[in-house]
Amino acid sequence: MNKKTIELAFYPGCIIQTEQYSYELSLRSVLPVLDVKLIDIEGFSCCGEPLKSVNRMITLVLSARNLAIAESKNLDIFTPCPICNLALTECKKILDNDEKMKDKINKFLAEEKLTYNGTNKIISILELLHDIISLDSIKRHVKKPLELKAAVHYGCHSIRPSEIGRFDDSEEPKKIEEILKVLGVETPWYPEKLDCCGGLLNMNLPETALTKTGEKLRSIEEQGFDLMIDICPWCHRQFDGKQKKAGETVAYNLNLPVVYLTQLFGLAFDIPWEKLGFNLNLSPVDTLLEGR
Amino acid sequence: MNKPRIGVFVCHCGTNIAATVDVDKVKEYAKTLENVVVSKDYKYMCSDAGANLIKESIKKYKLTGVVVACCSPRMHEHTFQRVSSDGGLNPYTVEIANIREQCSWVHDDIKESTDKAIKLVEAAVAKARLLQPLIVSSIKVIPNALVIGGGIAGIQTALEIAENGHKVYLVEKTPTLGGRMAQLDKTFPTLDCASCILTPKMMEAANHPNIELLTYSEIEDIEGSIGNFTVRIRKKARYVDADRCKGCGDCAENCRLKDRIIDEFNLSLNKRSAIYLPFPQAIPLTYTIDPNHCLMITTGRCGKSPLCVEACDADAIDFNQKDEIITINVGAIIIATGFNLLDPSMIPEYGYTRSPNIITTLEMERLINSAGPTRGEIQLLDTKEKPKSITYILCVGSRDETVCSWCCRIGCMTALKHLYLIREKLPDVEINLCYIDIRSYGKGYEEFYRTARNLNVNLFRGRPSEVKPTKNGIIISVFDTITNKLFEIDTDMVVLVPAVTPREDSLELARKLKVSLSSDGFYLEAHPKLKPMDTATGGIFLAGFCQGAKDIQDTVAQASGAASRALTILSKKELEAEAYIAEVDEELCSGCSICISVCPYQAIDIITEDDKKHAKVNEALCMGCGACTAACPSGAIQQRGFKDKEIISMIEVLSK
Amino acid sequence: MSILDLTSMGEPQIDVKREIIDRLERLQDEIPEYCYQCAKCTSGCEAHRLLELEPHRIVALLKRGLIDEMVNSDIIWTCMSCFKCWERCPQKIAPVEILFLLKNYAVALGKQIPGNYTAALQSVLSNGLLQDIKTVSTRTGEAKNRKDIGLPDITKPTDPAKFQALISKIAIEKI
């Protein structure tokens with residue numbers, strides 16, 4: 001069966017494209033295998049979510065602006081970052097239900113000759129992998145099943161607030177688990193699964209953010225997991241990039257490999273680890289690469 | 001035809017009407033209307049003096065119709081119909097002009113409201129000119145009752161009716177009487193043993209000469225109306241001959257599936273056989289084969305031969321038994337179907353499915369009960385050890401807009417009751433209780449709560465956000481708004497106090513009975529204060545939890561009340577039928593059957609007379625809802641008292 | 001007639017309260033007045049343990065109209081936006097959204113705001129992104145940039161001047 005290639009506007013968001021290169025690289029390596037073509041588009045800006053505390057209007061306009069750019073190319077917009085996804089989804093929800101607000105925002109967008117109509121879809125990483133590509137298609141590409149026991153971290157913005165429409169159930173999410181099962185990875189439930197990484201506190205209270213990060217990593221490590229899987233660049237920055245510091249903050253010697261879901265896909269698909277950005281993980285992921 | 005002679009009677013209703021309507025002007029205007037031969041006013045027309053005024057006028061002026069300008073017909077139409085009847089008029093020649101609720105109460109301007117009152121009176125006179133006397137037929141009442149549900153509500157209702165000398169069919173879906181109350185250990189606030197007070201009632205119902213017990217039976221369908229319902233009941237096959245079974249239990253002891261099937265009475269805390277008695281005091285004391293599990297029934301074979309058959313000395317097991325449908329006739333029906341508890345997995349953050357030691361109050365009830373699966377030992381379900389710490393969480397799904405917005409009305413008191421019962425068995429166990437408000441609203445309840453506070457319990461005023469089962473213990477974080485501190489509770493056992501919900505099949509039964517549900521899914525009463533036991537459907541009443549959350553006290557009180565309401569029908573030989581029913585003009589009717597399709601009461605048939613098809617209304621079944629009159633394309637069906645020409649005459653006046 | 005908080009000598013600011021509640025109803029269809037103080041939000045608040053944020057108290061103060069007390073306090077800046085309070089509220093109230101609006105209000109009043117927010121706003125203003133492109137380090141300590149890794153150019157606003165004009169316009173606009 002010759003499946004049609006899915007074309008999507010690639011919206012990387014700030015954190016992925018300015019520092020979380022392993023996520024971007026693994027996405028660019030893995031998705032073509034699954035017949036997804038990422039279209040790079042000029043002109044995107046920040047989604048605005050981190051500025052929601054400063055001015056909610058800025059968030060709305062920035063999100064609408066990015067949606068309008070994708071709309072102008074007639075493409076659905078793919079947002080691997082759950083925080084960007086939340087901003088865009090919330091913006092769409094508000095504008096599609098409030099004509100007055102939509103008109104107001106469009107007046108701002110006119111400055112750059114853009115219009116938001118609400119015609120394109122916003123696609124998250126889990127919707128893309130689980131719902132659009134489907135578990136069956138993923139299964140066909142698995143060459144090296146991974147015998148690992150992973151602690152799954154969805155990240156707050158992936159599953160909450162469900163009022164806005166999120167990728168999975170807010171209390172019992174299972175899409176990552178179902179995907180990982182196809183890759184041969186075991187994913188036991190653990191009590192801290194839905195806890196926050198602390199990442200957004202980096203804006204003003206980085207020390208406290210590290211405590212949150214460290215506490216969660218510690219309890220995962222104590223429960224004997226091989227690694228942690230995440231899908232959010234903000235969470236990953238905490239759990240992987242700042243793992244050492246987080247360990248110091250909670251006075252615990254942390255040694256937990258933390259990888260993006262898409263990086264793990266690459267390993268199961270037998271894509272060379274260099275193309276998945278594994279050299280950029282700062283957590284001890286070497287054990288996962290043995291024999292590759 | 002003689003000219004109509006109409007009397008108009010305008011009521012002041014103290015100042016209720018007279019303060020905003022110029023009553024004298026209305027009275028004087030009425031005198032000018034065609035066919036009005038007398039017009040009077042009085043301070044309170046509904047008083048004895050007012051009634052006499054009407055009665056005397058009917059005689060003196062030889063009236064053929066009466067218009068009373070007063071309050072809503074819902075208030076006093078019956079009063080004035082009776083008064084006119086006493087005065088010698090047909091009661092259905094009375095017309096009410098509502099100049100209170102629809103006029104004086106809603107307007108302030110005297111001139112405008114007086115003008116409106118005049119119009120309303122003129123319209124009523126226009127209709128009164130056309131009103132015809134109605135002869136009301138009567139319905140023969142079948143003096144028997146049907147009670148649906150064999151819990152404490154159903155038992156109480158059945159006994160009350162039976163004691164009054166009427167036959168009662170008591171239908172219960174499960175194999176035994178008892179319902180929810182049979183699952184309880186003790187009852188609040190007196191701490192008397194539930195089965196000690198329930199079992200004698202069950203016995204009494206089972207042995208009462210006027211009660212026919214139909215356990216393991218369900219309502220198939222219902223036809224008819226108040227005074228005369230025809231009900232078909234499915235008696236499900238037990239595969240056990242009730243006359244032979246002595247309840248010895250040898251069959252269950254020998255069943256190949258012994259200890260393999262979830263025991264619904266003990267709520268999955270233990271396992272039973274495929275042939276079972278729900279609990280030792282079950283009534284009737286007859287074993288039942290579970291058709292969903294028994295190997296003989298599901299696969300047609302059970303080893304070489306079924307072990308229960310071999311074990312049964314009485315030769316009571318009969319795999320050839322079939323469901324049986326019986327038909328009964330009753331004059332009144334009482335719904336007493338009880339409630340369910342919310343499945344706490346609906347609130348996943350409380351971890352009900354994640355640890356065997358997170359249970360519900362009803363499960364705790366079975367653990368405390370000495371006839372329960374642990375013989376009354378409170379123990380952890382995994383290790384079978386005694387818990388060192390037990391934590392209650394109240395309002396699990398209750399008062400929650402995302403699950404059940406209502407208060408369960410039994411949760412606080414049940415949890416407090418458990419405090420007493422646990423303290424008795426485990427004097428040193430730590431007990432924590434997280435609540436939002438303790439609602440101890442009943443007689444003796446606040447006193448019960450006061451004593452409970454001194455039973456060495458940690459009360460936290462706050463709702464936990466999640467319950468985390470870990471390898472070592474169950475962790476609950478709760479912010480206590482009394483001390484303004486966040487507490488982390490490390491506990492062995494968590495008892496969730498779940499919300500209460502309607503029975504899973506309440507909608508299905510509501511459809512069969514043609515009664516309504518309120519937005520919470522419980523059965524809807526006719527009036528929340530004044531008719532709490534009635535449904536909007538005549539002859540069908542409500543008892544107990546099926547109408548809305550209540551404790552045993554309130555359930556029993558309502559059950560007795562529902563019995564009394566049913567007896568107001570059953571005690572009569574005949575009932576007056578509805579007067580304002582539909583009638584067919586056979587000349588105009590084409591027999592198109594549209595009326596049949598809209599009639600909710602199956603009250604219309606098409607018959608053939610003199611080679612002509614036409615609709616015919618069954619006067620006993622018609623409830624006068626008017627659906628057919630609105631649907632009839634030729635205007636052939638008309639509703640008595642509300643005929644097109646009568647209504648149009650009013651509209652003509654009002655639109656002048 | 002008046003109501004006075006004797007601990008702070010503050011009076012309810014009913015107009016501000018009304019405005020905030022109107023916005024919440026408009027944006028998220030939530031009605032804080034329904035809060036019955038069960039404190040489920042605070043029991044599960046990720047920021048409470050470490051930073052003592054009490055979402056149920058935020059809702060209570062909003063209901064009472066004591067807005068100044070909140071906008072003058074650092075506590076509103078401790079929310080981690082984990083959304084648990086909104087997700088689990090039995091009355092469908094979203095303390096997290098109330099906090100966003102209180103912070104917006106504090107900014108509009110020119111109150112002191114945490115430094116990194118100013119920096120982030122500056123960065124978005126100047127290049128459309130939250131931060132500058134970083135050169136990262138591998139696990140073995142090598143420095144790498146996007147090009148080294150083989151990633152294409154980043155996407156950002158093509159006409160910075162127009163983009164800046166847009167953001168500046170909104171900054172002075174109320175919701």
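Sequence lines set the chain letters: A, B, ... in the order given, protein chains first and strands last, and positions in each chain run from 1.
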K.L.:
Count the heavy atoms belonging to other residues, nucleotides or ligands that lie under 6.0 Å from NZ of A:Lys121, then report whether that count exceeds 12.
P.N.:
no

K.L.:
Output every pair passing ring pair (Phe, Tyr, Trp, His ring centres under 6.0 Å) with a member in residues 472-502 of chain B, not counting sequence neighbours, ordered by first then second residue.
P.N.:
B:Phe460-B:Phe487, B:Phe479-C:His48, B:Phe479-C:His56

K.L.:
Walk me through it: do A:Cys232 and A:His157 pass the test side-chain contact (heavy atoms from CB on, under 4.5 Å)?
P.N.:
CA-CA 9 Å; A:Cys232 169; A:His157 294 68; over 6 Å; no

K.L.:
Between chain A and chain B, which N or O donor and acceptor atoms come closer than 3.5 Å?
P.N.:
residue  : atom : partner  : partner atom : Å
A:Asp195 : OD1  : B:Lys468 : NZ           : 3.3
A:Asp195 : OD2  : B:Lys468 : NZ           : 2.9

K.L.:
Minimum heavy-atom separation for A:Ile125 to A:Pro80, with atom names?
P.N.:
CG2-O, 3.9 Å

K.L.:
Could you grab the distance from atom CD1 of B:Ile378 to atom CG of B:Leu426, nearest 0.5 Å is fine?
P.N.:
4.5 Å

K.L.:
Could A:Glu178 and A:Lys181 be called an ion pair, given the rule that one side-chain N must be under 4.0 Å from one carboxylate O?
P.N.:
no

